[in-house]
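Chain naming here is simple, since letters A, B, ... match the order of the sequence lines and numbering starts at 1 in each.
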Amino acid sequence: MSRAPIELEVDAALRRRFTAPLLKWYDGSGRNLPWRMTDDPYRIWVSEIMLQQTQVATVLPYYHRFLEAFPTIKALASADLETVLKLWQGLGYYARARHLHRAAQTLLSRYAGKMPKSFDAVYALPGIGRSTAGAILTIAHGKRYPILDGNVRRVLCRFFAIEEDPREKSVEAALWHCSEQLMPRRNPSRYLQAIMDLGATVCTPRQPDCPHCPLQKPCAARKQGLTDRLPVKAVSKKVLHFDYFAGVLRVDDFVLIRRRPLQGLLAGLWEFPGARVDSHEKKGAVMAAYEKFFRETLALNVRGSHLFMEIPHAFTHFKMTLHVFSFRLKKRFQTGGPMMWVERESLAAHPFSSAHQKIVLQLCQSPDRPRLFV
DNA sequence: GACTCGTGGAT
DNA sequence: TATCCAAGAGT
C-alpha cells in the first residue's frame with residue numbers, strides 16, 4: 001500500500017511567506033550563542049559537531065573548555081587523542097571526538113590547517129555528513145547549502161502537515177529538496193540560524209509554543225490540528241537490560257584500569273576491568289561471575305571482595321546495572337596491552353565513561369568509605 | 001535500510 | 001518511573 005509521493009513545491013512566493021516572518025522573529029527572539037560571535041570556521045565546525053544529537057545547554061561548557069585547550073585546528077591536530085577524549089568526557093558519542101581529531105590532522109596536512117570552502121572537500125572529512133557540511137559552508141563561508149537536522153525536519157513536517165514517516169527515503173528526499181528551496185538567496189546563514197532557533201525554542205517536539213510562532217498562520221499542521229502528532233514518531237523498540245560487573249583492584253594507592261578498544265562502544269575510554277553477566281546466569285550470581293572473570297582472565301583470586309557501588313545507567317540501546325566490587329591485592333602484577341596500574345590521584349587524568357567516572361569520583365572523594373548508588 | 005553510538009534533562 | 005529525545009554520522 002504505497003501512497004502517492006509527497007510533493008513539496010516551493011515557489012518564490014511561498015519562500016517569502018516562510019522566510020520573511022521567520023527572519024523578523026529571529027531579529028527579536030534569536031538566541032545569543034558563542035559560536036555566533038565568531039566567523040572562525042574552526043569554531044563553527046566544533047560547535048556543529050558538539051551539537052549533533054546534543055542540546056545547547058549541555059554543549060556550552062564543553063565548547064568553552066575545548067576551544068580554550070585547542071584554540072586552532074593546528075592545536076587540535078597536534079594534541080593526543082587521549083587529551084581530546086578527556087575534554088569530551090561526559091558529552092557522549094565519542095566517535096565525534098575521534099573524527100574531529102582525525103579531520104583536524106587531515107586539514108593540517110592537506111589544507112594548510114584551514115577549513116576548505118568546497119562542499120565536497122568538507123563533506124569528505126570524517127564526522128561531517130550532509131547537514132554538518134551544509135551548516136559549515138553556509139554559516140562559516142556564506143554559501144547556500146541546506147541542512148536537514150531535527151529542527152528543520154520538525155518545522156517542515158508541521159508546516160506542510162507531512163503525515164508520512166520522514167525517515168522514509170522518498171520523504172527524506174522531498175524534505176531535503178524543500179529545505180533547499182526555502183533558503184533565501186540573501187543571507188542564507190541568518191536564515192539557517194533562525195529556523196534552528198525556531199525548532200529549538202518554539203516549534204519544540206513537545207508542547208510547541210504555537211501562539212508565539214511567526215509561522216502559525218500558514219502552518220498546515222496548525223490548521224489541521226496535527227501539531228502535536230507531527231512529525232510521526234518512530235516505533236519504539238524494547239530496551240534490554242543487562243547486568244555488568246567491574247572490579248576496583250587496588251594495591252596500596254594504585255588501581256588497575258583498562259583501556260577500551262578504539263572501535264565500538266565508548267571506544268578509547270578507560271574503565272575498571274569487568275564484563276557483562278551472561279543473560280542465562282541467575283540474578284544472584286553476579287559476584288560469582290565477577291570472581292570467575294578475574295580467575296579466568298588474570299588468574300586472580302578475588303574472593304572476599306565487597307560490593308563498592310551499584311550504578312544504574314542508560315545507553316541509547318540498552319540499560320545496564322553496573323555492579324562494582326572492590327578488592328585489595330598484596331602486590332601489583334605485570335600488566336600489558338590495555339591494562340595498567342595508576343595511582344588514585346592520577347585517575348582523573350584519564351577519560352572515563354560516565355558510569356565509570358562515578359567510580360573515579362567515589363575513589364577520589366572517600367576511598368575508604370564506599371557508598372551504594374541504587 | 002537497519003543498527004550502532006552517550007548522556008542529561010524534561011515530562 | 002519510564003520514555004522520549006537533542007544542531008547526525010558511520011557502517
Novice: Backbone N or O of A:Ala173 within a donor-acceptor pair of the A:His177 side chain at under 3.5 Å?
Specialist: no
Novice: What about the rings of A:Trp341 and A:Phe333, do their centers lie closer together than 6.0 Å?
Specialist: yes
Novice: In residues 85-96 of chain A, which ones come under 4.0 Å of DNA chain B, going by heavy atoms?
Specialist: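 Residues of residues 85-96 of chain A under 4.0 Å from DNA chain B: A:Gly90, A:Leu91, A:Gly92, A:Tyr93, A:Tyr94.
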Novice: Starting the side chain at C-beta, find the nucleotide from C:dA9, B:dT7, C:dA6 nearest to A:Pro205.
Specialist: C:dA6
Novice: Determine whether the aromatic ring of A:His317 stacks with the base of B:dC3, defined as ring centroids separated by less than 5.5 Å and ring planes inclined by less than 30°.
Specialist: no
Novice: Return yes if a side-chain donor-acceptor contact under 3.5 Å exists between A:Gln181 and A:Arg15, otherwise no.
Specialist: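 No - no donor-acceptor pair under 3.5 Å links their side chains.
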Novice: Distance to the ring centre below 6.0 angstrom and angle to the axis at most 45 degrees; does that hold for A:Arg65 and A:Tyr62?
Specialist: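 The answer is yes; both the distance and angle limits are met.
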Novice: Donor-acceptor pair under 3.5 Å: do we get one between A:Ser353's side chain and the base of B:dG6?
Specialist: no
Novice: For DNA chain C, which residues of residues 36-49 of chain A approach it to below 4.0 angstrom with any heavy atom?
Specialist: A:Arg36, A:Glu48
Novice: Keeping the roles fixed (side chain from A:Ser179, backbone from A:Ile147), state whether a donor-acceptor pair exists under 3.5 Å.
Specialist: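 Yes; at least one donor-acceptor contact below 3.5 Å.
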Novice: Ignoring the backbone of A:Thr54, work out which of B:dC3, B:dG6, B:dT7 is nearest its side chain.
Specialist: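 Looking only at heavy atoms from C-beta outward on A:Thr54, the closest nucleotide is B:dG6.
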Novice: Hey, does A:Val56 reach any base, or is it just sugar-phosphate, or nothing, if we go heavy atoms under 4.0 Å?
Specialist: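 Answer is base: heavy atoms of A:Val56 come under 4.0 Å of a base.
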Novice: For the side chain of A:Ser354, starting at C-beta, report the closest nucleotide among C:dG8, C:dC4, B:dG8.
Specialist: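 Minimum distance to the A:Ser354 side chain belongs to B:dG8.
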Novice: Please state the P separation for the pair C:dA9 and B:dG8 - nearest whole angstrom.
Specialist: 23 Å
Novice: Please pick, from C:dG10, B:dG9, C:dA6, the nucleotide with the shortest atom-to-atom distance to any side-chain atom of A:Arg206.
Specialist: B:dG9
Novice: Could you tell me whether a side-chain N or O of A:Thr297 sits under 3.5 Å from a main-chain N or O of A:Phe293, the two making a donor and an acceptor?
Specialist: yes
Novice: Report yes if a donor N or O on one partner sits less than 3.5 Å from an acceptor N or O on the other, where the partners are the side chain of A:Ser131 and the base of C:dG8; otherwise report no.
Specialist: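 Side chain to base: no pair below 3.5 Å.
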Novice: Of all residues at least two apart in sequence or in a different chain, which pass the ring-ring contact (aromatic ring centres under 6.0 Å, His included) check with A:Phe254?
Specialist: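 In terms of ring-ring contact (aromatic ring centres under 6.0 Å, His included), with neighbours along the sequence ignored, A:Phe254 is linked to no residue.
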